[in-house]
Number of protein chains: 2
Amino acid sequence: MDDSCSVRLQIFLQLQAVNKDLCSKFETCFGASTSRVEILHYLLQHEEIPQSALQKEVNIDAAAVTRHLKQLEAAGTIVRYKKADDQRATWVKLDDTAKRHIKESYQEKGQFIEETLADFSEEELKQFLYMINKVSDNVSRVTKQDLGGEK
Amino acid sequence: MDDSCSVRLQIFLQLQAVNKDLCSKFETCFGASTSRVEILHYLLQHEEIPQSALQKEVNIDAAAVTRHLKQLEAAGTIVRYKKADDQRATWVKLDDTAKRHIKESYQEKGQFIEETLADFSEEELKQFLYMINKVSDNVSRVTKQDLGGEK
DNA sequence: CATCAATTATTGATAGGTCAATGATATAAC
DNA sequence: GTTATATCATTGACCTATCAATAATTGATG
């Protein structure tokens, strides 16, 4: 683990470290956690959306989504409601004035991500994304095969 | 934020998603969280080490380190002690039999990381690491400049 | 040597995530 | 139509990370 795959191990560790730093600075820049911003991002792109769909888009547990939305609702940022045809599903929608504020705020802070990926050519960016996706595929494949005979 | 830098945004989101999956599967594979394994990894490489040094190596808060070490100590995996010349610093050391077990276990499971990065040529690996490091540099640079005039 | 500052580890409060269990509604099967 | 099954949102219990405050020890400075 130390010699033969040291580059791989380093990648693994660096990935974690970078991600943590990134999230932390993202949070202080945007004034909200990445999860929260991700949720708001999707809400910006959909006039209204069922909570279950939102939950699938965002990368967190349903329980966590519920708690985020409750807070956002309490803050007046979003509205939640049910429709006549299905009393289970909850629909989520951005409050109008909140929507404006968020749009402005994002425009102003969108550069954070740009700077994070400064000095990358467009070509490099594509390749980077490609690699990340490859790792993602590998990871999802690992689950089903490898962990069969364990413990 | 949606059009001009959509690739960047995608990279950002994917990075998070991948990292989360990676950690989750890593954890079920190794039977311990990435933080825990990282700690043990460093302990494998140092016969004994001051807790403060360990904390700097590993990517987590001092408080979290304390709690991990307490658990590891309670489980008999590590030993902690002070030295005569400095009653503040706590030294940490792997228990001998635990050390053997961990070494075996790692050998067996080291392939997890390999499979995660399967289908990467050595060249690609290097480039990937290079890119991650570049992002890391960018992120650390952002802090000092950008967040000056905020809020 | 007495005080002030720095280092080290710890604790408490808080935030945000997971999983498992629950309740309420909707759909299917018979 | 009634019973079983699925979907959806929520809650409670738990875990792990953060930050801020604290305590204990050491080093430095007057």
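These numbers come from the heavy atoms of this one structure, side chains and all, not from hydrogens, waters or symmetry mates. Order of the sequence lines sets the chain letters (A, B, ...), proteins ahead of strands, with each chain counted from 1.
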> Rounded to whole Å, please give me the gap between NZ in B:K70 and P in C:dT10.
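In whole Å, C:dT10 P and B:K70 NZ are 6 Å from each other.
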> Where does the angle between the aromatic ring planes of A:F112 and B:F12 fall among parallel (under 30°), tilted (30 to 60°) and perpendicular (over 60°)?
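Plane angle over 60°, so perpendicular.
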> Do A:Q111 and A:E115 get their side chains close enough for a donor-acceptor pair, meaning under 3.5 Å?
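Looking only at side-chain atoms, A:E115 and A:Q111 do form a donor-acceptor pair, the distance falling under 3.5 Å.
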> Applying side chain to side chain contact (heavy atoms under 4.5 Å, CB included), can you list everything that pairs with A:I102, at least two apart in sequence or on another chain?
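Partners of A:I102 under the side chain to side chain contact (heavy atoms under 4.5 Å, CB included) test: A:L40, A:L44, A:T77, A:L94, A:Y106.
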> Can you get from A:V92 to A:V79 by hopping between Ile, Leu, Val, Met, Phe, Trp and Tyr side chains that sit under 4.5 Å apart?
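Each belongs to a different hydrophobic cluster.
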> Could you check how far CG of B:L54 sits from C1' of C:dT8, rounded to whole Å?
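Interatomic distance, CG of B:L54 to C1' of C:dT8: 13 Å.
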> Considering only distance and modelled atom types, tabulate donor-acceptor pairs under 3.5 Å from the side chains of residues 50-57 of chain A, sequence neighbours left out.
unit_1	atom_1	unit_2	atom_2	d
A:Q51	OE1	A:R80	NH1	2.8
A:Q51	NE2	A:T66	OG1	3.4
A:Q55	NE2	A:I60	O	3.0

> So which of residues 76-93 of chain A are in contact with DNA chain D, with a heavy-atom cut-off of under 4.0 Å?
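Going residue by residue through residues 76-93 of chain A, the ones with a heavy atom under 4.0 Å of DNA chain D turn out to be A:R80, A:R88, A:A89, A:T90.
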> List for me each residue that meets side chain to side chain contact (heavy atoms under 4.5 Å, CB included) alongside B:D21, sequence neighbours excluded, and say none if there are none.
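Residues passing side chain to side chain contact (heavy atoms under 4.5 Å, CB included) with B:D21: A:V139.
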> Is the charged tip of B:K134 near the ring of A:F120: under 6.0 Å from the six-membered ring centre and within 45° of its axis?
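Checked: cation-pi criterion met.
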> Which residue, A:S52 or A:K20, contacts DNA chain D at a nucleotide closer to its 5' end, judged by nearest heavy atom?
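Going by which nucleotide is closer to the 5' end, it is A:S52.
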> How close or far is atom P of D:dA9 from atom CD of A:E73, stated in whole angstroms?
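Result: 13 Å.
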> Under 4.0 Å: is that the gap between some side-chain N or O of B:Q51 and OP1 or OP2 of C:dT10?
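Result: yes.
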> Rounded to the nearest angstrom, tell me the gap between atom CZ in A:F26 and atom P in C:dG16.
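Computing the A:F26:CZ to C:dG16:P distance gives 14 Å.
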> Is the shortest side-chain heavy-atom distance between B:Q14 and A:F128 below 4.5 Å?
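Side chain of B:Q14 against side chain of A:F128, heavy atoms only: no contact under 4.5 Å found.
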> Round to the nearest Å and state the distance from A:D21 atom CG to D:dA17 atom P.
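It works out to 15 Å between those atoms.
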> What integer distance in Å separates B:I60:CD1 from C:dT10:C1'?
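One finds 15 Å between C1' of C:dT10 and CD1 of B:I60, rounded.
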> Base, sugar-phosphate, or nothing for B:S33, non-hydrogen atoms under 4.0 angstrom?
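Touches nothing.
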> Grab the CZ-C1' distance between A:R36 and C:dG16 for me, whole Å please.
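These atoms are roughly 10 Å apart.
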> Does a side-chain N or O from A:H68 land closer than 4.0 Å to OP1 or OP2 of C:dA15, or not?
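Checking C:dA15 against A:H68, no side-chain N or O comes under 4.0 Å of OP1 or OP2.
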> Less than 4.0 angstrom between a side-chain N/O of B:T66 and OP1 or OP2 of C:dT11, yes or no?
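It does not, given that no N or O in the side chain of B:T66 lies less than 4.0 Å from OP1 or OP2 of C:dT11.
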> side-chain hydrogen bond (donor to acceptor under 3.5 Å, both in side chains) with A:K20: which residues, sequence neighbours excluded?
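side-chain hydrogen bond (donor to acceptor under 3.5 Å, both in side chains) list for A:K20, sorted by chain: empty.
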> Anything under 3.5 Å between a protein N or O and an N or O of nucleotides 19-22 of chain D, put it in a table, one pair a line.
none

> Within this structure, what is the CG-to-C1' distance between B:N59 and D:dT18, rounded to whole angstrom?
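Result: 13 Å.
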